[in-house]
Amino acid sequence: MYVARVLYPVEVLGPGKRVGIWFCGCPHRCKGCSNPELWEFQERYKTTPEIIFNLVQSIAKDHTIDGFTVTGGDPMYQAMELQQLLVLLRTISDDIIVYTGYGKNELEPEMLANISVLIDGKYIEELNDNSLLRGSSNQKIYILDKAKESKYKKFFNTETNKIQNFFTSDGVISVGIHRPNF
Ligand code: SF4
């Protein structure tokens with residue numbers, strides 16, 4: 001599998017302090033995508049679910065992990081590896097948001113296993129309305145885990161869209177739902 005980034009604490013892509021995981025590889029090529037550098041598989045990002053899980057475990061030793069946000073790239077482009085990783089992550093937190101450029105109706109039911117919240121659809125720059133969690137208004141947010149409905153309802157009622165910058169050895173990585181032309 002190919003994963004380009006693991007960041008913590010991500011506080012702008014879901015409730016609480018989350019681990020953000022950016023898959024590498026995406027076939028959709030949306031105009032205005034904020035991560036075009038993650039479209040192609042890159043050998044330097046080749047890894048395994050176990051390696052990513054070990055990294056997450058090392059974070060969990062000293063920090064509270066309120067959930068995971070898995071984005072990219074398109075995690076569903078590596079659906080089998082994604083499921084292998086999600087099974088491991090759920091042993092730490094079962095609050096897992098997954099983004100995909102595919103429509104939910106294009107995905108097999110087993111691809112939705114272990115996902116609490118799915119955000120689907122390609123990004124359409126002209127429909128970017130500065131919303132919480134979704135890049136454009138055509139995308140839908142599905143609360144698949146009904147036990148999480150009240151938590152996410154509260155989140156949507158109390159939070160606003162924000163950007164968070166991480167200063168890393170690779171430079172600044174700006175996380176969140178950005179406005180067009182960011
Ligand atoms: S699906 Fe997401 S990562 Fe892929 S091109 Fe569209 S906006 Fe970019």
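Just follow the structure's listing: the first ligand is 1, and inside any ligand the first atom is 1. In what follows, residues are counted from 1 in the order of the sequence shown.
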Pull out every atom of ligand 1 sitting under 4.0 Å from any heavy atom of Trp39, numbered as shown with elements.
-> 5 (S), 8 (Fe)
Answer whether the closest heavy-atom distance between the side chains of Thr100 and Phe23 falls below 4.5 Å.
-> no
Starting from atom 7 (S) of ligand 1, which protein heavy atom do you reach first, and at what distance in Å?
-> Tyr123 CB, 3.6 Å
Quick one: does Arg29 get within less than 4.0 Å of ligand 1, heavy atoms only?
-> yes
Intermediate values then yes/no, ring-ring contact (aromatic ring centres under 6.0 Å, His included), Tyr99 and Tyr123 | CA-CA 11 Å; Tyr99 284 85; Tyr123 171 64; over 10 Å; no
The single option from Lys148, Arg18, Lys17 that satisfies salt bridge (Lys or Arg N to Asp or Glu O under 4.0 Å) with Asp95 is Arg18
In terms of side-chain heavy atoms, does Thr168 have a donor or acceptor partner in Asp170 at a distance below 3.5 Å?
-> no
Counting each atom of ligand 1 from 1 as listed, which ones have a heavy atom of Cys33 under 4.0 Å away?
-> 3 (S), 5 (S), 7 (S), 8 (Fe)
Give me the ring orientation class for His63 and Tyr8: parallel if the planes are under 30° apart, tilted from 30 to 60°, perpendicular past 60°.
-> tilted
Measure the distances from the heavy atoms of Tyr99 to every atom of ligand 1 and state whether one is below 4.0 angstrom.
-> no
shortest atom 2 (Fe) of ligand 1-to-protein heavy-atom contact is with Gly73 O, 4.3 Å
Cys26 N/O/S atom closer than 2.8 Å to atom 4 (Fe) of ligand 1 = yes
Metal site atom 6 (Fe) of ligand 1: N/O/S of Cys30 inside 2.8 Å = yes
Give me the ring orientation class for Tyr152 and Phe155: parallel if the planes are under 30° apart, tilted from 30 to 60°, perpendicular past 60°.
-> perpendicular
